[in-house]
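Beneath this line is the structure, given in structure tokens, with notes to follow.
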Amino acid sequence: MKIAVEGCCHGELDKIYETIEYLEQKEGVKVDLLVCCGDFQAVRNEGDMKCMAVPAKYRTMQTFYKYYSGEKKAPVLTIFIGGNHEASNHLQELPYGGWVAPNIYYLGYAGVVRYRGIRIGGLSGIFKSRDYRKGHHEFPPYNPETLRSVYHIRNIEVFKLKQIQMPIDIFMSHDWPRGIYYYGSTEELLRKKKFLRQEVESNTLGSPAAEELLAHLQPSYWFSAHLHVKFAAIMQHPPKGNAAPRVTKFLSLDKCLPYREFLQIVDIPERPGSSEGLEYDPEWLAILKATNTLQRTTPHPWNPPENNGLHERWDFRASEAAMMQVVEDLSGDLAIPDNFSATAPSYDPNKPHPQATPSYNTNPQTTELCAKLGLTDLYAQAGQRRDDVGRAQGSTGGEEEEDDEDGDSVGSADEPSEYPTDTSGLSSSFNPDEITIEDEWEEVEGEEEEEEELKAEVTGEELSNVKAGEIHTPSRLVLPEPKCGVSPTPLPDLANLPPPSHSTPAAAHTQSRVESAVLGSGDDEDVTAARILKRTSNESGNAGSRGPTPRIKRRNQVIYAAVEDDESGSDSAA
């Protein structure tokens, strides 16, 4: 089974599906499944755009609405998780997952499904310590704070995933597991993203919650995005008991832009006798049922139960009887029903409504699943508090979000993190114009590199003019022996493999040994190009700063501009 893995989508569904179609035609392959690692942007209308943490001047409709309205249908089954740039009011309708459009399935806050016998799991959002212990209390209209906290990972979701005992084949997270960069070519990563060096060397880059899940789940594959760079790693886990040690093959990909490595096709064997369609996972549903009473929709901190004498129950792993009960609850049918239904009007380019307000709707898919399994519709429960809390919170939008799409990066120290090495909550100040580089960044490239990239840009329509054979898709992803240890030292020489699949053909450049072995040669950024972080003038020496962690001011056109990294004229902010 061929699975296409995509990095940050940013609403570019047309371009992604066109790229897959192009690869299928040129290489004679058939893609069975597309998995997207966050920043999907399932924006249905103008109201949804106001629920996305993006400065207003960079909000664009993109192409998802065509698939939501029925104008188009996804040509390949698509499964995705949420990132930190999402139409949050839409995704909150489906806390346990569901169809956002025909043939496009969202995994929910956290989720596990089966496709042709392959277990696919995911965790939506990004990690922030100050919101980690809260419940899912946000609802529209969001204010500048809840607009961002809504996509922050909660410990209840991690707790649920840590109850899983059966092997996971594929797992997705938007931000990287902390420390994974030590298991690939670390220096190659730092050559591409020089400003990450301090965080890599101090092991503070990435999500400690995802790191914990990686150690527990030990999936065969782990896919991520968020950092807008292709990176491959191979991690061998310590053996559990008498079992053989497991190996996780990690891959992170770029955002969907021409000449960026945003797409990779992985070949995974199907399990004979398995169902053809998308199915619920009985172990996961049994865990959802068992942990339902632990869920909260308040902002008050919560700690998961532990075996410390204070909790009557702390083990919520699914028994065989609990899994059989789930099958009985579903009348013996694990197939996920094709029950998509529109819950909000779709964007009409002929009748725009720029003043549309964010919608708040419960979703029939969630209502049906909750009724069958006895679960709580978290969005509906949060909505019951809407009138009282909403008056105190204000409304979505405002001047504060204009210059910063992720003001959550500067937190408060009021709530200690259960991960002592996390630094995201050390500042007591809040400046919406500043973020830490662990979230996103803006680089000021040299003019020569920028001009070359702009000249090289092609659209999806121009892909058909590329000569056959210039884009290659490996028949299967063959990996070298896993790297064991945590020292960022180079790996031994590894055999070369066919180049990866990405949006457009790219000139050959020198590439790291690990990435070459895992993904083949690809389009690298010019190592001689000057890269200067855009930092605020009070980066160092001011009260409330984060010590050695640099701060940068970011504009959102890096992600949302139609052309590649158009950052000319931005030196004034450096």
Side-chain angles (χ1 to χ4, degrees), residues 1-3 31-36 73-74 76-82 91 93-124 157 159-172 213 217 219-221 223 268-292 295 316-341 363-378:
M1 178 170 63
K2 285 184 165 47
I3 298 178
V31 172
D32 301 289
L33 174 68
L34 169 66
V35 295
C36 299
K73 182 177 180 180
V76 58
L77 175 62
T78 302
I79 299 175
F80 74 97
I81 58 169
L91 298 190
E93 294 179 8
L94 300 165
Y96 307 111
W99 303 104
V100 297
N103 224 27
I104 303 177
Y105 192 84
Y106 168 56
L107 279 179
Y109 289 132
V112 180
V113 295
R114 293 175 181 256
Y115 180 64
R116 298 188 182 179
I118 303 297
R119 289 188 91 198
I120 302 170
L123 177 65
S124 293
E157 310 303 340
F159 181 77
K160 294 175 190 175
L161 290 166
K162 287 177 66 178
Q163 307 307 308
I164 292 175
Q165 299 301 306
M166 299 170 64
I168 294 286
D169 297 295
I170 294 173
F171 196 83
M172 293 184 286
L213 285 175
L217 297 174
S220 299
Y221 294 87
F223 301 132
I268 298 180
E270 296 181 33
R271 289 185 171 85
S274 58
S275 173
E276 284 294 309
L278 197 61
E279 294 183 306
Y280 290 120
D281 184 86
E283 183 187 23
W284 177 247
L285 294 188
I287 291 170
L288 290 182
K289 289 186 64 175
T291 57
N292 185 63
Q295 300 189 110
F316 291 82
R317 290 176 292 181
S319 65
E320 183 176 351
M323 288 187 274
M324 292 300 296
Q325 182 60 50
V326 162
V327 176
E328 184 178 331
D329 292 340
L330 297 176
S331 303
D333 186 6
L334 289 174
I336 296 178
D338 187 12
N339 58 351
F340 164 76
S341 61
N363 195 299
Q365 296 178 71
T366 302
T367 303
E368 181 180 344
L369 184 65
C370 288
K372 288 181 178 180
L373 299 180
L375 303 178
T376 300
D377 186 337
L378 299 176

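Being a predicted model, the structure only gives us computed values, none of them experimental. Throughout, residue positions are numbered sequentially from 1 according to the sequence presented.
- Taking CG from Leu375 and CG from Asp329, the interatomic distance works out to 9.5 Å, rounded to the nearest 0.5 Å.
- With contacts defined as side-chain heavy-atom distances shorter than 4.5 Å, the pair Arg116/Leu33 does not qualify.
- In terms of modelled atom types and a separation under 3.5 Å, the side chain of Thr78 and the main chain of Leu34 share no donor-acceptor contact.
- Among residues two or more places apart in sequence or in another chain, the side-chain hydrogen bond (donor to acceptor under 3.5 Å, both in side chains) test is passed with Tyr280 by none.
- Partners of Pro102 by side-chain contact (heavy atoms from CB on, under 4.5 Å), not counting sequence neighbours, listed by chain and number: Lys73, Phe340.
- Nearest heavy atom pair, residue Leu91 against residue Val100, reads CD2-CG1, 4.2 Å.
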(request) Begin from the C-alpha positions of Leu288 and Leu373 and carry the test side-chain contact (heavy atoms from CB on, under 4.5 Å) through to its verdict. (result) CA-CA 9 Å; Leu288 290 182; Leu373 299 180; 5.6 Å; no
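- Summarising the geometry of Arg114 relative to Pro282, their closest heavy-atom pair is NE-CD, 3.9 Å, with the distance given to 0.1 Å.
- Between Gly122 and Ile81, the closest heavy-atom pair is CA-CG2, 3.9 Å.
- In this structure, the side-chain contact (heavy atoms from CB on, under 4.5 Å) partners of Gln163, at least two apart in sequence or on a different chain, are Phe159, Ile287, Asp315, Phe316, Arg317.
- Under the side-chain contact (heavy atoms from CB on, under 4.5 Å) criterion, Ser275 pairs with Glu279, sequence neighbours left out.
- Interatomic distance, CG of Asn292 versus SG of Cys370, reported as 7.5 Å (0.5 Å rounding).
- Residues Leu330 and Leu285 form a side-chain contact, since some pair of their non-hydrogen atoms from C-beta on lies under 4.5 Å apart.
- Formation of a donor-acceptor pair under 3.5 Å by the Glu157 side chain with backbone atoms of Leu123 is not found in this model.
- The CG atom of Leu107 sits 11.0 Å away from the SG atom of Cys36 when rounded to the nearest 0.5 Å.
- Considering all non-hydrogen atoms of both residues, Arg119 and Glu283 come closest at NH2-OE1, 2.8 Å.
- Scanning all heavy atoms of the two residues, the minimum distance from Ile168 to Val112 falls at CD1-CG1, 4.0 Å.
- Between Arg271 and Asp169 there is a side-chain heavy-atom pair separated by less than 4.5 Å.
- Two residues are said to be in side-chain contact when any heavy atoms from C-beta on lie closer than 4.5 Å; Tyr109 and Lys160 fail this criterion.
- Between Lys162 and Leu213 there is a side-chain heavy-atom pair separated by less than 4.5 Å.
- Residues Thr366 and Pro95 approach most closely at OG1-CD, 3.8 Å, considering heavy atoms.
- Applying the side-chain hydrogen bond (donor to acceptor under 3.5 Å, both in side chains) criterion to Thr291, with sequence neighbours excluded, gives no partner residue.
- Using a 4.5 Å cut-off on side-chain heavy atoms (C-beta onward), Ile3 and Tyr221 make no contact.
- Within the 3.5 Å criterion, the main-chain N or O of Glu93 finds no donor-acceptor partner in the side chain of Asn363.
- Using a 4.5 Å cut-off on side-chain heavy atoms (C-beta onward), Met166 and Asp281 make no contact.
- Residues Ile164 and Phe171 have side chains not in contact (no heavy-atom distance under 4.5 Å, counting atoms from C-beta outward).
- Judged as a ring pair (Phe, Tyr, Trp, His ring centres under 6.0 Å), and not counting sequence neighbours, Tyr96 has no contacts.
- For Phe80 and Tyr106, the ring centers are positioned less than 6.0 Å apart.
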